[in-house]
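Here the structure is laid out as structure tokens; the discussion comes afterwards.
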Amino acid sequence: MASKKIFVCNNCGNESSKWLGLCPSCSSWNSFQEMTLPDNSKQSLGSRRTKIEIKNIPTIAQVKSTSLERISTTISEFDRVLGGKEKYQGIVPGEVILLSGDPGIGKSTIMLQIALKIAATGKKVLYVSGEESESQIKIRAERVASEKELSNLDIYLLSSTDIDQAVAAAESKKVDLLIIDSIQTVQSVDANGFPGSLPQLRYCTLKLVNFAKSTHIPVFFIGHVTKEGTIAGPQLLAHMVDCVLYLEGEELTGTRILRSLKNRFGDTSEVGIFIMEEKGLAEITDVKDFFLGTNEKNVPGSCVTIVMEGSRPLLIEVQALTVPSNLAFPRRVAQGIPDRRLELLLAVLSRHGTISADKYDVFVNVVGGLKITETASDLAICLAIASSIKGITLVKTVAVAEVGLLGETKSVINLEKRVKEAGKFGYKNIITYNEAPYLKKALDIALKK
Ligand code: TYD
Ligand code: MG
């Protein structure tokens with residue numbers, strides 16, 4: 001049988017029997033690429049099937065759940081996101097983890113730090129980079145670790161874009177962890193297309209998954225994201241791996257949040273909080289003062305809220321600045337909260353709180369560079385803006401409630417836990433749905449009318 005030719009969209013994986021300029025599935029232009037399907041696909045499946053020893057299929061009782069012995073990265077914020085029971089968090093043997101994030105956010109840095117930490121526990125690590133030379137990786141390593149720490153470590157560095165070579169090296173060096181930086185730069189001669197194209201991505205990922213599952217050696221690989229913020233190449237990769245991690249943060253601030261978008265072995269709601277420093281990413285386990293700015297000082301325009309990041313309540317300061325504006329459409333600038341949420345809250349504040357920002361430029365900022373998506377911060381945003389417009393300082397005030405379009409406030413999940421956290425830090429003025437069922441009441445309490 002002759003080999004079959006098909007055309008595959010590099011962006012979404014859509015297949016077609018002829019070349020198309022515009023992909024009907026994802027609307028990207030010039031993304032179709034010719035691919036040759038191996039003509040022995042049916043044959044190999046058939047011959048493999050006969051090889052399976054049907055007699056030896058184990059029952060569920062016979063299968064040992066060895067996967068519970070996790071390998072700690074010794075970075076507790078990272079382990080937390082990987083999942084597992086407390087004190088036993090970390091990487092599951094044979095786990096395949098995709099780490100994605102914007103360029104320059106710190107993916108290579110954190111991967112190298114993990115390689116160093118794991119090697120420091122006496123394990124062997126292979127770090128393969130298709131982007132940097134061995135000496136460039138060494139320079140980075142010298143930045144994040146001291147010379148003494150780097151000596152006597154079993155970390156092998158390989159600058160290569162050949163996935164087959166990378167896997168062969170991992171096998172021959174008998175490593176305990178394999179890291180690939182990045183999946184878009186590696187390729188195999190056995191697959192079609194250029195590095196980063198869909199056939200290559202699919203082949204290389206499958207190769208890594210097969211390697212991990214057959215040897216129980218965990219594999220991390222970095223995946224770039226596109227301008228639109230999705231994992232480049234496709235969602236397809238996310239389906240193939242056990243865990244998808246996403247490192248995010250603001251460029252200007254050093255705060256980095258590690259989330260898991262998918263985790264076969266853990267809870268996807270947990271996050272890790274880091275800060276990018278001179279010596280790489282440092283974990284912030286003590287979040288106490290990090291997201292609180294000037295709240296202690298007597299300046300109007302500040303209110304504290306408590307958001308849940310995973311299972312952790314975080315105290316975060318919301319700052320608002322309002323200045324008289326001559327513009328027909330005054331400026332609304334929001335950092336850390338969605339623009340639309342700010343517009344909506346300003347409308348509610350004007351209609352139901354009788355505090356109008358029509359003549360003011362309004363700037364709202366979340367301290368510490370965190371992005372708040374929870375509506376539990378609504379009330380704090382309203383109070384911070386009102387405080388700025390009225391010029392009244394809110395003294396050590398915490399507000400936790402969603403604000404509805406009718407000016408009502410709503411309770412939020414984990415309220416008790418949040419209020420307890422505020423109490424821990426000595427906040428006594430705590431305004432929730434219980435104290436103020438509607439916005440006007442909350443304003444009266446906060447502004448001490
Ligand atoms: P990098 O890990 O190369 O990002 P990615 O792999 O996600 O593209 O991080 C690059 C940025 O991190 C760069 O702007 C410099 C900064 N950085 C530090 O601030 N401190 C450090 O110790 C290191 C290694 C990098
Ligand atoms: Mg990188």
Side-chain angles (χ1 to χ4, degrees), residues 73-75 77-78 81 97-120 125-150 153 155-163 166 177-187 195-196 200-201 204-205 208 219-233 237-238 241 243-261 271-284 290 368-369 371:
T73 62
T74 72
I75 301 174
E77 288 294 291
F78 206 99
V81 182
I97 301 160
L98 163 61
L99 173 68
S100 61
D102 287 338
I105 204 78
K107 300 180 294 299
S108 302
T109 306
I110 189 115
M111 277 293 91
L112 189 60
Q113 285 181 279
I114 284 179
L116 294 167
K117 293 273 185 189
I118 288 187
V125 182
L126 173 62
Y127 189 104
V128 181
S129 179
E131 306 192 342
E132 291 160 310
S133 67
E134 284 95 354
S135 60
Q136 281 173 321
I137 305 169
K138 179 75 190 281
I139 292 168
R140 191 195 293 269
E142 282 167 347
R143 234 180 125 172
V144 301
S146 67
E147 204 174 313
K148 194 159 160 254
E149 285 170 314
L150 290 180
L153 287 185
I155 297 189
Y156 300 98
L157 301 180
L158 176 64
S159 174
S160 169
T161 56
D162 183 344
I163 192 78
L177 176 67
L178 171 62
I179 296 173
I180 307 281
D181 183 3
S182 63
I183 196 73
Q184 277 87 9
T185 52
V186 288
Q187 62 177 325
Q200 285 289 355
L201 284 175
C204 294
T205 307
L208 292 174
V219 175
F220 271 105
F221 66 84
I222 292 176
H224 294 170
V225 293
T226 60
K227 268 183 252 135
E228 293 80 36
T230 50
I231 299 164
L237 296 192
V241 300
C243 179
V244 181
L245 302 179
Y246 190 81
L247 190 63
E248 65 176 25
E250 291 281 328
E251 259 176 52
L252 294 177
T253 66
T255 317
R256 300 284 183 270
I257 310 277
L258 183 74
R259 298 177 191 281
S260 78
L261 306 181
V271 299
I273 305 173
F274 298 87
I275 180 156
M276 181 61 96
E277 290 178 343
E278 269 305 295
K279 295 186 86 204
L281 281 160
E283 41 185 339
I284 305 176
F290 196 73
K371 284 197 183 90

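Whatever order the structure lists them in is the order used to number ligands and atoms, beginning at 1. We use all heavy atoms of the structure for the numbers below, so side chains are in, but hydrogens, waters and symmetry mates are not. Remember, predicted model here, so these are calculated numbers, not experimental data.
When atom types are taken as modelled, the side chain of Glu277 and the backbone of Ala282 share no donor-acceptor pair closer than 3.5 angstrom. Proximity of a side-chain donor or acceptor of Lys138 to a complementary backbone N or O of Ser133 within less than 3.5 Å is not detected. Within the 3.5 Å criterion, the main-chain N or O of Ile105 finds a donor-acceptor partner in the side chain of Arg256. The closest donor-acceptor contact from the side chain of Glu283 to the backbone of Glu77 lies under 3.5 Å.
Per-residue contacts place Glu277 under 4.0 angstrom from the following atoms of ligand 1 (heavy atoms of the residue considered): 18 (C), 19 (O), 20 (N), 21 (C), 22 (O). Using a 4.0 Å cut-off to heavy atoms of Glu278, the atoms of ligand 1 that qualify are 20 (N), 21 (C), 22 (O). Heavy-atom proximity to Lys279, at under 4.0 Å, picks out these atoms of ligand 1: 22 (O).
In this structure, Cys243 and Phe220 have side chains that are not in contact, with every pair of non-hydrogen atoms separated by 4.5 Å or more.
Here the CE-CG distance, from Met111 to Leu116, works out to 11.5 Å after rounding to the nearest 0.5 Å. With values rounded to the nearest 0.5 angstrom, Ile183 atom CD1 is found 4.0 Å from Thr205 atom OG1. Rounding to the nearest 0.5 Å gives a distance of 8.5 Å between CG of Leu201 and CZ of Phe221.
When only non-hydrogen protein atoms are considered, atom 4 (O) of ligand 1 lies nearest to Gly106 N, 3.1 Å. For atom 16 (C) of ligand 1, the nearest non-hydrogen atom of the protein is Met276 CE, 4.0 Å. At the top of the distance list for atom 25 (C) of ligand 1, counting protein heavy atoms only, stands Arg143 NH1, 3.7 Å. From the protein, the heavy atom lying nearest to atom 2 (O) of ligand 1 is Thr109 OG1, 2.5 Å. For atom 6 (O) of ligand 1, the closest heavy atom belonging to the protein is Ser108 OG, 2.7 Å. Scanning the protein heavy atoms around atom 8 (O) of ligand 1, the nearest turns out to be Gly104 N, 2.7 Å.
Only the side chain of Arg140 comes within 4.0 Å of ligand 1, judged by heavy-atom distances. Within the 4.0 Å heavy-atom criterion, the part of Pro103 lying near ligand 1 is the backbone and not the side chain. Residue contacts with ligand 1 for Asp102 involve N, CA, C or O but no side-chain atom from C-beta outward (heavy atoms, distance under 4.0 Å).
Within the sub-2.8 Å shell of the Mg ion (ligand 2), the protein contributes these N/O/S atoms: Ser108 OG.
Minimum heavy-atom separation, Tyr246 to Ser100: CD1-OG, 3.2 Å.
Counting non-hydrogen atoms of other residues, nucleotides and ligands closer than 6.0 Å to CD of Glu278 gives a total of 12 or fewer.
With Leu177 as the partner, the side-chain contact (heavy atoms from CB on, under 4.5 Å) test is satisfied by one option alone out of Val125, Val219, Thr73, Ile155: Val125. Each of Val244, Ile114, Asp181, Ile110 was checked for a side-chain contact (heavy atoms from CB on, under 4.5 Å) with Leu99, and the lone residue meeting it is Ile110.
Among Ala141, Gly101, Gly280, the residue whose heavy atom lies nearest to atom 21 (C) of ligand 1 is Gly280.
Distance screen at 4.0 Å: atom 11 (C) of ligand 1 has a protein heavy-atom neighbour inside the cut-off.
Using a 4.0 Å cut-off between charged side-chain N and carboxylate O, Glu132 and Arg140 make a salt bridge.
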